[in-house]
Amino acid sequence: MATLKENLTNILIDNNLITRENLEKAITTQKKQGGSLSQILIDSGFVKEKDLVIALSQGLGIPPINLNKIKIDKQVVKLISQEVAQRYLILPISQVGATLTVAMADPLNVFTLDDLKTLTSMKINPVITTANDIKDAIKNYYVDDQKQEDAKIDDIIKDISTADIELVKESEDKEENISFMHMVDDAPIVKITNRFLSDAVKLNASDVLFEPFEKTTRVRCRVDGALREIETLPKYMHEAIVSRTKVISGLDISEHRLPQDGRFKIKFQSREVDFRISILPSVFGEKVALRVLDKTTAMLDIEKLNFSEHNLNILKHCSSFPHGMMLVCGPTGSGKTTTLYSILKYVDSPEKNIVTVEDPVEYQLHGVNQVTCRPDIGLTFAAALRSILRQDPDIIMVGEIRDFETLDISIKSALTGHMVLSTLHTTTAPGSIIRMLNMGAEPFLVTSCVVGVIAQRLVRKLCPKCKEAYKPSKAVLDTLSVAGDIKESVTFYRAKGCPECFNIGFRGRLAICEVLVLTHEVKNLILKRAQEHQIKKMARSQSMRTLREDGIDKIIAGLTTPEEVLKVTASDVKAE
């Protein structure tokens with residue numbers, strides 16, 4: 001049975017529209033250059049466009065249509081954006097119920113039909129017309145929308161300069177993409193994207209989100225842990241922004257169905273800033289999340305993390321051990337990695353061999369050997385740890401302990417003369433001990449290797465320029481009054497807002513933490529598999545300050561507000 005393509009070519013030959021020789025030439029050209037056979041026949045002058053439309057109509061059993069002789073409802077036209085219409089060379093002409101009739105120059109393109117079905121959630125009924133007629137109709141029906149869109153773009157990019165943003169080339173592999181980006185450096189979408197990148201750096205944002213919705217795209221930045229809406233863009237701009245971020249990250253711009261991850265670096269006002277990009281397909285398009293890694297704002301100094309003197313001394317003491325395991329625990333975004341990097345920087349010296357395995361590497365530390373975890377090729381935390389142990393390390397940092405295998409190798413590394421630093425996703429320091437036991441670690445191994453556990457949270461820091469004194473409610477005072485720390489003479493401060501802090505009232509964040517040291521008494525409880533509250537009670541009797549208590553110290557010092565501390569220590573129980 002002849003295929004549809006064979007039937008169409010037979011119709012063209014039988015009607016003397018093309019010769020067999022010209023058809024063979026067109027097929028040869030298609031094999032070399034790709035593209036549509038029908039368009040190649042037209043461009044080569046082998047057949048007239050109108051004659052080809054008639055042949056397609058006969059072969060497919062679909063009547064042709066003359067767009068110049070019909071009037072199309074503009075509400076129907078708006079069912080498909082101008083960008084999609086131009087890309088696929090199609091035009092919606094009518095809608096009946098859940099069926100959309102679309103004029104197409106190439107109704108043989110099943111990929112176009114599938115994409116239109118997905119975009120509109122309708123059944124697509126194709127009709128045939130010439131490509132030139134579709135181009136003219138697109139210009140005619142979308143002209144007003146185009147003027148509005150151009151006006152919006154002009155308004156957004158007004159006064160935007162790309163001079164402050166420069167993409168930093170990291171490898172020769174991206175040479176072609178870099179050259180392309182210099183060529184289009186003045187394109188509107190480049191200016192818009194660069195504007196959001198520069199705004200994120202200026203605001204000291206940790207993340208930038210481009211979130212597609214049905215008719216708009218929302219742009220938000222996370223500043224000091226709180227998301228803030230920056231802009232609402234027209235939906236038609238979303239795909240261009242996604243493509244731009246993919247190009248500068250070296251990702252596949254043709255892949256829209258699978259998640260992708262990448263990174264790029266820019267130079268902004270004489271300083272280099274790394275961006276980590278994650279793209280996630282969603283219902284209305286691809287959501288883009290950019291993690292901003294600004295080394296100039298990263299406090300990788302243990303002295304500048306605003307730890308209390310008590311906790312800082314314990315931290316330094318535990319870090320000086322020649323071997324053992326130190327853990328930092330807390331939820332995602334609580335500053336665990338920053339604390340680990342700060343400890344590494346504190347203990348680093350030319351005499352020590354430091355190796356890390358991370359997923360992914362967030363900051364590149366000079367003098368530290370850093371390995372990126374890649375589970376897709378088998379380079380897991382556990383696999384990397386086995387190889388690292390053959391590299392004669394003194395200090396090993398494991399990005400996160402997620403399973404028993406990684407925990408087991410980490411414990412054995414600590415027991416064989418290495419200092420191991422890592423993180424756990426638990427809420428309290430005593431809870432980390434229980435978590436390790438639940439993962440399968442033996443109590444005697446835990447007590448033999450663990451030297452200290454840090455649990456921490458981040459709270460927003462009051463702007464020193466505009467913070468104002470006030471008297472909190474009795475309910476707040478009752479909640480905060482742990483072990484009589486709050487006195488009548490204490491001055492409380494709250495956020496007010498000024499130009500220095502963008503009228504938010506907060507500038508930056510600081511850590512509140514609790515540090516558990518495994519003393520002999522605590523170890524005895526662990527060996528007996530005591531419960532978390534028993535370990536906590538013993539540690540507190542030996543001078544451990546809980547998260548809530550450390551937060552109260554920060555309130556008394558005028559660094560943050562009671563609301564900030566209560567927000568992140570809600571699960572902290574009152575002292576016995």
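For the single chain, residues carry numbers from 1 onward in sequence order. Not measured: the values here are computed from a predicted model.
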Mind checking what makes side-chain hydrogen bond (donor to acceptor under 3.5 Å, both in side chains) contact with R87, not counting sequence neighbours?
->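 Residues passing side-chain hydrogen bond (donor to acceptor under 3.5 Å, both in side chains) with R87: E239.
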
Taken in chain and number order and not counting sequence neighbours, the residues that satisfy side-chain hydrogen bond (donor to acceptor under 3.5 Å, both in side chains) with N353 are N369

Compare every heavy atom of [Y] with every heavy atom of [X], then report the nearest pair and how far apart it is.
X	Y	result
A539	L516	CB-CD1, 3.5 Å
L458	S334	CG-O, 3.4 Å
A441	V446	CB-CG2, 3.9 Å
H310	S543	NE2-O, 3.0 Å
E400	T423	CA-OG1, 3.4 Å
L315	F307	CD2-CE1, 3.4 Å

When R276, R220, R291 are each screened for side-chain hydrogen bond (donor to acceptor under 3.5 Å, both in side chains) with D207, the one that passes is R291

Are the side chain of [X] and the backbone N or O of [Y] linked by a donor-acceptor pair below 3.5 Å?
X	Y	result
Q456	G335	yes
H418	S413	yes
T560	V459	no
Q370	L365	yes
K287	P281	no
T416	K412	yes
Q260	D252	yes

Rounded to the nearest 0.5 Å, what separates atom [atom1] in [X] from atom [atom2] in [Y]?
X	Y	atom1	atom2	value
Q542	E521	CD	CD	4.5 Å
I266	L197	CD1	CG	5.0 Å
I279	S249	CD1	OG	6.5 Å
I241	K246	CD1	NZ	13.5 Å
K467	C501	NZ	SG	12.5 Å
L407	R435	CG	CZ	9.0 Å

Close side-chain approach of [X] to [Y], heavy-atom, < 4.5 Å:
X	Y	answer
E272	K265	yes
T546	T569	no
V565	K554	no
R390	S387	yes
V453	T428	no
R540	E549	yes
M544	V522	no
I354	L344	yes

Counting only heavy atoms not in [X], do more than 12 fall under 6.0 Å of its [atom1]?
X	atom1	value
R222	CZ	yes
K235	NZ	yes
K117	NZ	no
I253	CD1	no

Passing candidate, side-chain contact (heavy atoms from CB on, under 4.5 Å) with R263, options L290, L251, I248, L293 = L293

Name the one of S410, C329, S432 that satisfies side-chain contact (heavy atoms from CB on, under 4.5 Å) with I401?
-> S410

Check the pair E231, R218 against salt bridge (Lys or Arg N to Asp or Glu O under 4.0 Å), reporting the backbone distance first and the verdict last.
-> CA-CA 6 Å; E231 191 87 59; R218 181 173 65 182; over 6 Å; no

Taking it one step at a time, do R545 and I314 satisfy side-chain contact (heavy atoms from CB on, under 4.5 Å)?
-> CA-CA 12 Å; R545 303 282 291 174; I314 295 175; over 6 Å; no

Would you call [X]-[Y] a salt bridge at under 4.0 Å N-O?
X	Y	value
K537	E532	no
D199	R195	yes
R457	D550	no

Without hydrogens or angle criteria, can the side chains of D115 and T112 be said to hold a donor-acceptor pair below 3.5 Å?
->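 Note: D115 and T112 side chains miss the donor-acceptor criterion.
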
Please check if any side-chain donor atom of T216 sits under 3.5 Å from a side-chain acceptor atom of T232, or the reverse.
-> no

Given the rule in the salt bridge (Lys or Arg N to Asp or Glu O under 4.0 Å) test, do R507 and D224 qualify, once you have shown the distances and angles that lead to the verdict?
-> CA-CA 7 Å; R507 289 188 65 185; D224 296 332; over 6 Å; no

Decide yes or no on side-chain contact (heavy atoms from CB on, under 4.5 Å) for I396 and L421, but give the supporting numbers first.
-> CA-CA 6 Å; I396 304 170; L421 308 176; over 6 Å; no

Using the salt bridge (Lys or Arg N to Asp or Glu O under 4.0 Å) rule, take D553 and R548 through it: C-alpha gap first, then chi angles, then the decisive distance, then the call.
-> CA-CA 9 Å; D553 292 339; R548 174 68 60 82; over 6 Å; no

Assess whether salt bridge (Lys or Arg N to Asp or Glu O under 4.0 Å) is satisfied between R386 and E405, documenting all intermediate values.
-> CA-CA 11 Å; R386 291 191 185 93; E405 186 179 15; 2.4 Å; yes

Parallel, tilted or perpendicular: ring planes of F264 versus F275, cut at 30 and 60 degrees |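 The arrangement is parallel - the two ring planes meet at less than 30°.
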
Between T217 and M237, is a side-chain contact (heavy atoms from CB on, under 4.5 Å) present by the stated rule, with each step listed?
-> CA-CA 8 Å; T217 291; M237 297 176 63; over 6 Å; no

Check the pair L312 / L305 against side-chain contact (heavy atoms from CB on, under 4.5 Å), numbers first and verdict last.
-> CA-CA 9 Å; L312 183 60; L305 293 181; over 6 Å; no

